[in-house]
Amino acid sequence: MLSTSDFTRDVEGRVITPDDPGYDQARTVFNAAIDRRPAMIVRVANAADVARVITLARETGLELAVRGGGHSPAGHGVSEGGIVLDLGALRGLEIDAAAGSAWAGTGLTAGEYTTAAGAHGLATGFGDMGSVGIGGITLSGGVGFLLRKHGLTIDQLLAAEIVTADGELLQVDAERHPDLFWALRGGGGNFGVVTRLRLRLHEVGTVLGGMLFLPATPNVIEGVVAAAEAAPDELSTIANVMKAPPLPFVPPEFHGRLVVMVLLAYAGDVDAGRRAVAPLRALAEPLADMVRPLPYPEMFPPEDPDYRPVAVTRAGFADSVDRAAAERIVERIEGSTAPMAVAQLRVLGGAMARVPADATAFAHRDRRIMTNVVAMYASPEEREERAAWVRGLADELTGGDPAGYAGFLGDEDEERTRAAYPGATWERLAALKAEYDPDNVFRLNQNVPPAAR
Ligand SMILES: Cc1cc2nc3c(=O)[nH]c(=O)nc-3n(C[C@H](O)[C@H](O)[C@H](O)COP(=O)(O)OP(=O)(O)OC[C@H]3O[C@@H](n4cnc5c(N)ncnc54)[C@H](O)[C@@H]3O)c2cc1C
């Protein structure tokens, strides 16, 4: 067993071991299928603590997990038998409204950051859920409600503070360590532990946003994608084809029936937003229409902290959702016996696509639609059946293309990680990995092993 007394004396943050009453809560991550028991969890207080934890991991050879918001689908925020470096206490947030930027500690969630920035009428786009950690989502890419208007979260990254594998604290931006700055924008946790991020803030006060429920016919699904693609960049949409959950605002006769739940935000003039959303509303009589002017932070509704689903997912990219694809989605979701099955379609483009593919480590700039097929399951015995179903529909939507978004990858094979970082991106990441983390200390992630020297 790891002796912790000397180490505990040296760190300012909190060391949590299996005997600690807070241990079970501290090792819990969003993915309820992950049940790992680390030897030690260190809730670091500052960058010096981060360096100490990295040194301890190197000296003991124990696996190091880096945890922000705990939402990695693969459970990379917790290690079996290793050390968890928990960033949850790094919650500083300095908003400089005049400069249009903020320095944020990576223990913050997207929701916490968005609420604080929203008080100034400002926002940085993250994803579709408030409980995701800002570190994990920013380092992966960040695909959310401001994507078409302002780009990915990485496109808002101005600077970062990072503790590298040798324990050094680096200030990284376009001028200082520009190679590392490139890698951090999409390359995930491969290069070190980011303690603070400086993110650009945009004026985003009231948006026209919320949920629109439409009956899911092939026509409507095809139409939702076409309308979202044709819409101005101010409109970003995330469409979920699923059986309607028993939500109070969906008429009871539609519970369990196939619907498209479109989550959308129009970041601009509200009347122009109504005009942009009109083609979606015209596709069919909405079953529920919750789209209204709202303060941007309300795009993240309150979450149940105990909500921890168990699911198989497969994310990818499609160049179109034509009639045949829409028919397959309807057939497959209708036929699924999973407790919940979803085909998620995110129309990309806009500002995201205007950044050159080699400007950051997120290279899939020209892909038009991000797909994510999800099947929840109730017992481990079901997993295989759900996985086969997910794979089947995902392959039909993507034509079997292994490319995907690193932030949505689960515990998959190297082919998938490589496909998230195609061609030259992989080569460049691997070369930088050899420079900054030659021993692959940061390996519990969508791992890019160091290139051979
Ligand atoms: C329900 C759900 C919804 C999601 N929605 C979206 C979405 O709409 N858009 C989108 O783009 N993504 C989305 N994601 C994906 C999510 O952004 C990534 O999985 C992200 O990595 C999670 O970050 P985290 O800090 O919460 O997770 P963690 O599990 O804490 O961290 C994941 C990994 O990221 C790395 N990491 C995290 N923080 C740091 C840091 N400060 N320094 C170095 N490495 C770090 C580490 O390798 C860590 O193991 C979603 C995920 C879930 C589960």
Side-chain angles (χ1 to χ4, degrees), residues 27-34 36 44 47 50 53-54 63-79 82 84-88 90 104-113 125-147 151-154 160-165 172 183-184 186-197 236-238 240 263 265 299-300 303 307-311 313 315 342 344 346 348 352 362 370 372 374 376 404-411 420 437 441-448:
R27 72 185 180 88
T28 299
V29 292
F30 183 77
N31 179 348
I34 306 288
R36 299 191 188 133
V44 295
V50 172
V53 177
I54 294 170
E63 182 179 67
L64 178 64
V66 177
R67 180 205 172 106
H71 274 58
S72 152
H76 287 151
V78 63
S79 156
V84 174
L85 192 164
D86 182 339
L87 294 158
L90 303 186
T106 46
L108 292 165
T109 65
E112 290 166 342
Y113 176 106
F126 295 103
D128 63 359
M129 233 179 146
S131 54
V132 166
I134 64 164
I137 192 166
T138 303
L139 298 174
S140 312
V143 179
F145 295 123
L146 300 178
L147 173 111
L152 298 165
T153 310
I154 48 172
E161 289 178 1
I162 181 171
V163 183
T164 50
V172 175
L184 290 183
N190 274 291
F191 297 93
V193 178
V194 174
T195 51
R196 297 211 302 161
L197 297 162
S236 292
T237 56
I238 301 176
N240 297 280
L263 305 174
M299 288 303 300
F300 295 135
E303 289 175 42
Y307 177 65
R308 295 175 56 237
V310 187
T313 65
V342 184
Q344 183 177 82
R346 299 180 184 224
L348 306 173
M352 166 188 156
F362 182 106
M370 185 178 280
N372 199 6
V374 180
M376 296 194 183
Y405 165 45
F408 279 155
L409 292 186
D411 195 3
D437 183 18
V441 176
F442 305 110
R443 60 182 172 276
L444 191 60
N445 46 40
Q446 299 303 340
N447 196 236
V448 180

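Treat the numbers as computed from the prediction; the structure is a model and nothing was measured. Order of appearance sets the numbers: ligands from 1, and atoms from 1 within every ligand. Index from 1, following the sequence.
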Q: Does ligand 1 have any atom sitting under 4.0 Å from a heavy atom of G142?
A: yes
Q: Can a non-hydrogen atom of V29 be found less than 4.0 Å from any atom of ligand 1?
A: no
Q: Between N445 and G187 (side chain of the first, backbone of the second, donor and acceptor by atom type, cut-off under 3.5 Å), is there such a pair?
A: no
Q: Yes or no: does F191 have any heavy atom under 4.0 Å from an atom of ligand 1?
A: no
Q: In terms of side-chain heavy atoms, does N190 have a donor or acceptor partner in N447 at a distance below 3.5 Å?
A: yes
Q: Any heavy atom of G192 closer to ligand 1 than 4.0 angstrom?
A: yes
Q: Which residue and atom name correspond to the protein heavy atom nearest atom 5 (N) of ligand 1, and how close is it?
A: D128 OD1, 3.0 Å
Q: Just need the protein heavy atom nearest to atom 42 (N) of ligand 1, so name the residue and atom and give the distance.
A: V194 N, 2.9 Å
Q: For atom 25 (O) of ligand 1, what is the closest protein heavy atom, and at what distance to 0.1 Å?
A: G69 N, 2.8 Å
Q: Considering only heavy atoms of N445, which atoms of ligand 1 have at least one such atom less than 4.0 Å away?
A: 47 (O)
Q: Taking all heavy atoms of V50 and all of V44, pick out the closest pair and write down the distance.
A: CG2-CG2, 3.9 Å
Q: Regarding atom 13 (C) of ligand 1: of the candidates F362, Y307, F408, which has the closest heavy atom?
A: F408
Q: Using distance alone, determine whether V143 and ligand 1 share an N or O pair under 3.5 Å.
A: yes
Q: Say whether, by atom type as modelled, one donor and one acceptor occur between the side chain of T106 and the main chain of V194 under 3.5 angstrom.
A: yes
Q: Go through the steps for L263 and T237 under the test side-chain contact (heavy atoms from CB on, under 4.5 Å), then give the verdict.
A: CA-CA 6 Å; L263 305 174; T237 56; over 6 Å; no
Q: Within the distance-only criterion (no hydrogens, no angle test), does the side chain of Q446 pair as donor or acceptor with the backbone N or O of G410 below 3.5 angstrom?
A: yes
Q: What is the closest protein heavy atom to atom 32 (C) of ligand 1, and at what distance does it sit?
A: S72 CB, 3.6 Å
Q: Could you tell me if any non-hydrogen atom of R346 lies under 4.0 Å from any atom of ligand 1?
A: yes
Q: Is there a salt bridge (Lys or Arg N to Asp or Glu O under 4.0 Å) between R346 and D128 once you walk through the steps?
A: CA-CA 11 Å; R346 299 180 184 224; D128 63 359; 3.0 Å; yes
Q: Hey, which atoms in ligand 1 end up nearer than 4.0 Å to a heavy atom of P73?
A: 19 (O)
Q: With a cut-off of 4.0 Å, which atoms of ligand 1 are near a heavy atom of R67?
A: 30 (O)
Q: Verify, without hydrogens or angle tests, whether R36 (side chain) and G75 (backbone) share a donor-acceptor contact under 3.5 angstrom.
A: yes
Q: Judged on heavy-atom distance to atom 1 (C) of ligand 1, which of H76, R196, M129 sits nearest?
A: M129
Q: If you measure from atom 23 (O) of ligand 1 to every heavy atom of G189, P309, G136, which option wins on shortest distance?
A: G136
Q: Please work out, at 4.0 Å between heavy atoms, whether the side chain, the backbone, both, or neither of L87 comes within that distance of ligand 1.
A: side chain
Q: Any idea which protein heavy atom is nearest atom 46 (C) of ligand 1, and the distance to it?
A: V66 O, 3.6 Å
Q: Could you tell me the residue and atom name of the protein heavy atom closest to atom 39 (C) of ligand 1, and the distance to it rounded to 0.1 Å?
A: L139 CD1, 3.8 Å
Q: Identify, by atom number and element, the atoms of ligand 1 in contact range of T106, meaning under 4.0 Å from any of its heavy atoms.
A: 41 (N)
Q: Please report the interatomic distance CG(L85) to OG(S79), rounded to the nearest 0.5 Å.
A: 12.0 Å
Q: Suppose I only count heavy atoms of G127 and a 4.0 Å limit; which atoms of ligand 1 are within that range?
A: 7 (C), 8 (O), 9 (N)
Q: Please list the nearest protein heavy atom to atom 15 (C) of ligand 1 with its residue and the distance rounded to 0.1 Å.
A: G407 O, 3.3 Å
Q: What is the minimum heavy-atom distance between T138 and I154, and which atoms define it?
A: O-CG2, 2.9 Å
Q: Which part of I137 is near ligand 1, with near meaning a heavy atom under 4.0 Å away: side chain, backbone, both or neither?
A: both
Q: Do F30 and ligand 1 have an N or O pair less than 3.5 Å apart?
A: no
Q: Taking only heavy atoms of G135, which atoms of ligand 1 are found under 4.0 Å from at least one of them?
A: 38 (N)
Q: Does ligand 1 have any atom that is closer than 4.0 Å to a heavy atom of S140?
A: yes
Q: How far apart are the closest heavy atoms of S236 and F145, and which atoms are they?
A: CB-O, 3.3 Å
Q: Taking E303 for its side chain and S131 for its backbone only, find out whether a donor-acceptor pair lies under 3.5 Å.
A: yes
Q: Has G141 got any heavy atom lying under 4.0 angstrom from an atom of ligand 1?
A: no
Q: When you measure from atom 53 (C) of ligand 1 to every protein heavy atom, which one gives the shortest distance, and what is it?
A: H71 O, 3.2 Å
Q: Any donor-acceptor pair under 3.5 Å linking the side chain of T313 with the backbone of V374?
A: no
Q: What do you reckon, does G70 put a non-hydrogen atom under 4.0 Å from ligand 1?
A: yes
Q: Between atom CG of D86 and atom CZ of R67, what is the distance when rounded to the nearest 0.5 Å?
A: 5.5 Å
Q: Which ligand 1 atoms, with their elements, are less than 4.0 angstrom from a heavy-atom of Y405?
A: 10 (C), 11 (O), 12 (N)
Q: Please check if the side chain of H76 supplies one atom and the backbone of A74 the other of a donor-acceptor pair under 3.5 Å.
A: no
Q: Does G105 offer a backbone N or O that forms a donor-acceptor pair with the side chain of Y113 under 3.5 Å?
A: no
Q: Distance under 4.0 Å to a non-hydrogen atom of V193: what atoms of ligand 1 satisfy this?
A: 42 (N), 43 (C)
Q: Side chain of R308, backbone of V29: donor and acceptor closer than 3.5 Å?
A: yes
Q: What about F191 and F442, are their ring centers closer than 6.0 Å?
A: no
